[in-house]
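Labels below follow one simple rule: chain letters A, B, ... track the order of the sequence lines, proteins then strands, and each chain is numbered from 1.
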2 protein chains.
Amino acid sequence: MKLDDAAARLEALGNPTRLKIYRSLVRAGAEGMAVGRLQAKLDIAASTLSHHLKSLVVVGLVTQTRDGTTLVCHANYDLMRDLLGYMVEECCAEGSCAPVVLPKVA
Amino acid sequence: MKLDDAAARLEALGNPTRLKIYRSLVRAGAEGMAVGRLQAKLDIAASTLSHHLKSLVVVGLVTQTRDGTTLVCHANYDLMRDLLGYMVEECCAEGSCAPVVLPKVA
DNA sequence: ACGGTATTTCCAGAATTACAGAAATAAAGA
DNA sequence: TCTTTATTTCTGTAATTCTGGAAATACCGT
């Protein structure tokens with residue numbers, strides 16, 4: 001992962017509302033969560049939610065699948081793992097801190 | 001770590017210039033790096049660097065120690081570890097992804 | 001105290017972001 | 001096709017961020 005991509009993803013997560021959105025999606029697991037449910041759960045304007053979701057989708061942290069009229073959002077675990085891996089690599093680039101083990105995807 | 005704190009820290013890292021600054025400091029290891037050397041290395045205006053550094057210091061990711069007229073900056077490894085730990089916890093809150101091992105500080 | 005180096009603060013302009021109401025679009029069912 | 005539900009796009013406003021030049025401050029050596 002390139003530095004600029006990592007920065008863009010960190011920035012996307014670096015907003016309380018978006019971090020809450022992302023957290024909700026992570027906790028929703030593989031089945032994901034519909035935009036409408038997210039809106040009800042987080043109690044923010046639909047347009048605001050849509051913008052934030054777009055930010056997360058653009059950087060790849062969230063994917064969406066349509067199920068009829070509802071759009072289901074999913075956290076992209078693999079990309080999150082990559083991002084954490086990047087941070088760890090940066091952090092440990094010169095043995096400056098203890099090694100961190102990120103598991104392979106099962 | 002609270003969600004708002006995590007978001008603030010992610011936001012601080014979520015800018016290419018600041019991520020470069022942070023990476024440089026991480027790679028500088030325990031001895032850190034002076035503001036002036038950072039400026040020469042990254043080739044940005046002193047005032048701009050100072051602003052970005054302040055953002056990193058405010059959220060705790062960077063600490064500074066004075067050595068005469070020069071200010072030496074250090075990456076706060078412990079806090080970074082905590083931040084990564086927070087992300088991992090969020091990510092794995094409901095067993096939604098494989099466990100990630102973050103080492104204890106030696 | 002003075003001079004020099006290191007760094008920050010002040011200031012301002014350009015660009016971006018956050019937010020939400022209103023209108024537009026997408027999809028499904030009657 | 002018409003209606004309803006779900007979601008996005010459009011639009012505008014207020015606030016924030018990024019940037020760097022100029023001036024101010026901090027510290028050291030003499």
Give a yes/no on whether any side-chain N or O of [X] is located under 4.0 angstrom from OP1 or OP2 of [N].
X       : N      : value
A:His52 : C:dT17 : no
B:Gln64 : D:dA26 : no
A:Asn15 : C:dA18 : yes
A:Thr69 : C:dA28 : no
B:Gln39 : C:dT8  : no
A:Arg18 : C:dA18 : yes

Starting from [atom2] on [N], measure out to [atom1] on [X] and report it in whole angstrom.
X       : N      : atom1 : atom2 : answer
A:Leu19 : C:dA18 : CG    : C1'   : 16 Å
B:Glu11 : C:dT16 : CD    : C1'   : 12 Å
A:Leu13 : C:dT17 : CG    : P     : 15 Å
A:Leu71 : D:dT5  : CG    : C1'   : 13 Å
B:Leu53 : C:dT9  : CG    : C1'   : 14 Å
A:Leu49 : C:dA20 : CG    : P     : 11 Å
A:Lys20 : C:dC19 : NZ    : C1'   : 14 Å

Between B:Asn15 and A:Ala7, which heavy-atom pair has the shortest distance, and what is it?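 Result for this residue pair: C-CB, 3.9 Å.
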Minimum heavy-atom distance B:Leu56-B:Arg18, with the two atoms named: CD1-O, 4.0 Å
Separation of A:Met33 CE from A:Cys73 SG (nearest 0.5 Å): 9.5 Å
Spatial distance of atom CZ (B:Arg23) from atom CG (B:Leu42) [nearest 0.5 Å]: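 Those atoms lie 9.0 Å apart.
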Side-chain heavy atoms under 4.5 angstrom apart, residues restricted to Ile, Leu, Val, Met, Phe, Trp, Tyr: same cluster for B:Met80 and B:Val72?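 No: no chain of side-chain contacts under 4.5 Å links B:Met80 to B:Val72.
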Base, sugar-phosphate, or nothing for A:Ala45, non-hydrogen atoms under 4.0 angstrom?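 Counting heavy atoms under 4.0 Å across all strands, the contact made by A:Ala45 is with sugar-phosphate only.
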With no angle test and no hydrogens, is the base of C:dC10 tied to the side chain of B:His51 by a donor-acceptor pair under 3.5 Å? yes
Side-chain donor or acceptor of A:Ser47 under 3.5 Å from a matching atom on the base of C:dA20? yes
Sorted by position of nearest nucleotide on DNA chain D, 5' first, the leading residue of B:Ile44 and A:Ser50 is A:Ser50
A:Thr48 vs A:Asp67, nearer the 5' end of DNA chain C by closest nucleotide: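 Of the two residues, A:Thr48 wins.
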Out of C:dC19, D:dT9, D:dT7, whichever nucleotide has its closest atom nearest the side chain of A:Lys54: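 Within the option list, the nearest is D:dT9.
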